[in-house]
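Inspection log for the structure reproduced underneath, given as structure tokens.
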Amino acid sequence: MAEILVLVDHVDGEVKKVTFELLTLARRHGDAAAVWIGPGYEGAKDKLAEYGAAKVYVAADEELTSYVVAPKAELLAQLVAERSPAAVLVAATGEGKEIAGRLAVKTESGVLTDVVDVADGFVGEHSIFGGSIVSHAKVSKGTPIIAVRPNSTAPEAAPSTPAEEQVSVTLSDAAKAAKVVEKVVQEKGERPELTEAAIVVSGGRGVGGADNFKLIEELADSLGAAVGASRAATDAGWYPHTFQVGQTGKTVSPQLYIAVGISGAIQHRAGMQTSKTIVAINKDPEAPIFELVDYGVVGDLFQVAPKLTEEITKRK
Ligand SMILES: Cc1cc2nc3c(=O)[nH]c(=O)nc-3n(C[C@H](O)[C@H](O)[C@H](O)COP(=O)(O)OP(=O)(O)OC[C@H]3O[C@@H](n4cnc5c(N)ncnc54)[C@H](O)[C@@H]3O)c2cc1C
């Protein structure tokens with residue numbers, strides 16, 4: 001089967017969930033060949049095997065991660081030239097999309113970004129206008145380079161014993177034009193990262209104020225969940241913008257999404273509608289969110305949320 005290169009998204013050896021999603025997607029269309037760039041491979045190799053990498057290209061040279069994105073595009077371009085993969089998949093993150101663009105120029109290929117699924121023939125599916133329209137696009141020149149949105153594919157384990165091959169690239173001067181001079185680790189609380197969490201509890205305008213968000217946090221903590229928010233809540237300054245879920249916020253696809261005091265506008269749905277199980281708490285039985293839910297509670301969140309937290313805590 002043809003090889004499909006998957007750029008591993010990791011931070012100092014800690015592999016991001018999106019990599020497992022990309023490996024799962026790649027396996028549907030060929031042999032998934034992970035491309036590891038930078039240090040930390042030894043601690044992560046088992047995870048790549050667990051999600052079915054048939055091969056891992058390991059470029060461990062620290063120089064490759066000492067500069068901003070360009071070296072990664074140069075290494076991938078070299079692999080594309082030498083191995084002629086059927087496609088290259090990267091995560092549609094800020095960095096991933098920049099790598100995809102640079103790689104497309106270097107390999108004279110077409111690029112698709114923000115893809116949510118890949119069909120036969122490497123036809124990329126896009127979800128546009130807040131999820132109300134699905135469009136399909138196909139690269140017509142070179143190697144399809146496809147940036148896939150995190151959380152659009154459910155990762156499936158498929159244990160393998162990947163072959164390993166050490167690779168390197170001689171960087172051009174242009175690739176060394178911007179050096180990373182400092183990395184600051186963002187302070188993280190106890191809660192899981194929003195886009196990687198198995199459970200997300202989000203609050204909306206119905207929460208009524210910044211202080212009341214502690215109800216959402218308490219419910220989230222009782223479940224070991226991440227906290228999200230609607231744009232109405234973040235625009236009001238009740239919760240930071242980095243926690244906004246939706247078209248102009250983060251896309252999440254957890255096992256369980258609990259929407260509290262959120263009406264279910266199309267722009268909010270765009271960021272959470274692929275969640276496996278959706279629960280809403282809303283006092284308005286006509287709220288559009290109820291069209292989408294698996295379980296709906298019509299009630300006042302100030303009564304329902306604390307009771308739910310109490311009940312979950314009792315059962316632990
Ligand atoms: C270009 C564009 C991009 C956008 N991007 C995003 C985005 O990324 N994410 C996003 O979320 N929105 C986005 N929006 C905004 C979106 O259209 C909605 O305005 C927003 O999602 C509404 O947030 P909400 O559901 O919290 O508020 P509302 O729509 O005001 O809903 C509040 C809900 O709370 C319920 N409620 C009130 N009090 C209680 C109570 N005591 N108990 C239970 N329920 C109660 C109400 O019945 C109501 O259903 C975008 C809009 C535009 C135009």
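Hydrogens, waters and symmetry mates play no part in the numbers below; they use all other heavy atoms, side chains included. Every number for a ligand or one of its atoms is a count from 1 in the order of the listing.
- Salt-bridge formation is not detected for the pair Lys16/Glu193: no Lys NZ or Arg NE/NH1/NH2 atom is positioned less than 4.0 Å from an Asp or Glu carboxylate oxygen.
- The only option from Ile262, Leu292, Asn151 that meets the side chain to side chain contact (heavy atoms under 4.5 Å, CB included) definition with Met272 turns out to be Leu292.
- At the top of the distance list for atom 42 (N) of ligand 1, counting protein heavy atoms only, stands Leu301 N, 2.8 Å.
- Under a 4.0 Å criterion applied to the non-hydrogen atoms of Gly246, ligand 1 contributes the atoms 7 (C), 8 (O), 9 (N).
- Among protein heavy atoms, the minimum distance from atom 53 (C) of ligand 1 is reached at Gln267 NE2, 3.8 Å.
- The shortest contact between atom 43 (C) of ligand 1 and any protein heavy atom is with Lys283 N, 3.2 Å.
- Comparing Gly299, Pro288, Gly271, Gly261 by heavy-atom distance to atom 33 (C) of ligand 1, the nearest is Gly261.
- From the protein, the heavy atom lying nearest to atom 36 (N) of ligand 1 is Gly206 CA, 3.7 Å.
- Using a 3.5 Å distance cut-off with no hydrogens or angles, the side chains of Thr153 and Glu21 do not pair a donor with an acceptor.
- Distances below 4.0 Å separate heavy atoms of Thr248 from the following atoms of ligand 1: 3 (C), 4 (C), 5 (N), 6 (C), 7 (C), 8 (O).
- Lys307 and Glu311 are not joined by a salt bridge, as no carboxylate oxygen comes within less than 4.0 angstrom of a charged side-chain nitrogen.
- Checking Gln166 against Tyr41 by side-chain atom types alone, no donor-acceptor pair falls below 3.5 Å.
- Counting protein heavy atoms only, atom 22 (C) of ligand 1 is closest to Ala232 CB, 3.9 Å.
- Comment: Glu98 engages Arg102 in a salt bridge, judged by a side-chain N to carboxylate O separation of less than 4.0 angstrom.
- Side-chain atoms of Thr248 and Arg231 form a donor-acceptor pair, as typed in the model, at a separation below 3.5 Å.
- Taking distance alone, with nitrogen or oxygen atoms compared against 3.5 Å, Ala287 stays at or beyond that limit from ligand 1.
- For the residue pair Tyr257/Ser202, the side-chain donor-acceptor check at 3.5 Å is satisfied.
- Here the heavy atom of the protein found nearest to atom 24 (P) of ligand 1 is Ser230 OG, 3.5 Å.
- Each of the following atoms of ligand 1 lies closer than 4.0 Å to a heavy atom of Asp300: 40 (C), 41 (N), 42 (N).
- Among all non-hydrogen protein atoms, the one lying nearest atom 46 (C) of ligand 1 is Asn282 OD1, 3.5 Å.
- Near Gln247, with a cut-off below 4.0 Å to any heavy atom, the atoms of ligand 1 are 7 (C), 8 (O).
- Remark: atom 49 (O) of ligand 1 lies closer than 4.0 Å to at least one protein heavy atom.
- Within the listing of ligand 1, atoms 26 (O) sit less than 4.0 angstrom from a heavy atom of Gly204.
- A donor atom on one side chain and an acceptor atom on the other are found under 3.5 Å apart for Ser172 and Glu74.
- A salt bridge is absent between Arg28 and Asp120: the closest approach of a Lys/Arg side-chain nitrogen to an acidic carboxylate oxygen does not fall below 4.0 angstrom.
- Here atom 11 (O) of ligand 1 lies nearest to His268 when heavy atoms of Met272, Glu286, His268 are compared.
- For ligand 1, the atoms sitting less than 4.0 Å from at least one non-hydrogen atom of Val245 are 7 (C), 8 (O), 9 (N), 10 (C), 11 (O), numbered in the order shown with element in parentheses.
- Using a 4.0 Å cut-off between a side-chain N of Lys or Arg and a carboxylate O of Asp or Glu, Asp221 and Arg191 qualify as a salt bridge.
- Every atom of ligand 1 is numbered from 1 in the order shown, and the set under 4.0 Å from a heavy atom of Phe302 is 41 (N).
- When each of Ile281, Ile216, Leu215 is tested with Val201 by the rule side chain to side chain contact (heavy atoms under 4.5 Å, CB included), just one qualifies, namely Ile216.
- Counting heavy atoms only, Arg231 comes closest to atom 2 (C) of ligand 1 of the residues Gln244, Arg231, Arg205.
- Checked for salt-bridge contact, Arg27 and Glu156 miss the test: no charged N lies under 4.0 Å from a carboxylate O.
- Contact annotation: for Val304 versus ligand 1, there are no heavy atoms closer than 4.0 Å.
- Counting heavy atoms closer than 4.0 Å to ligand 1, residue Ser263 contributes atoms from both its backbone and its side chain.
- Within the cation-pi definition used here (under 6.0 Å to the ring centroid, within 45° of the axis), Lys47 qualifies as a partner of Phe20.
- Nearest-heavy-atom check against atom 21 (O) of ligand 1 across Gly228, Ala265, Ala305 picks out Ala265.
- Every atom of ligand 1 with a heavy atom of Gly249 under 4.0 Å away is listed here by number and element: 8 (O).
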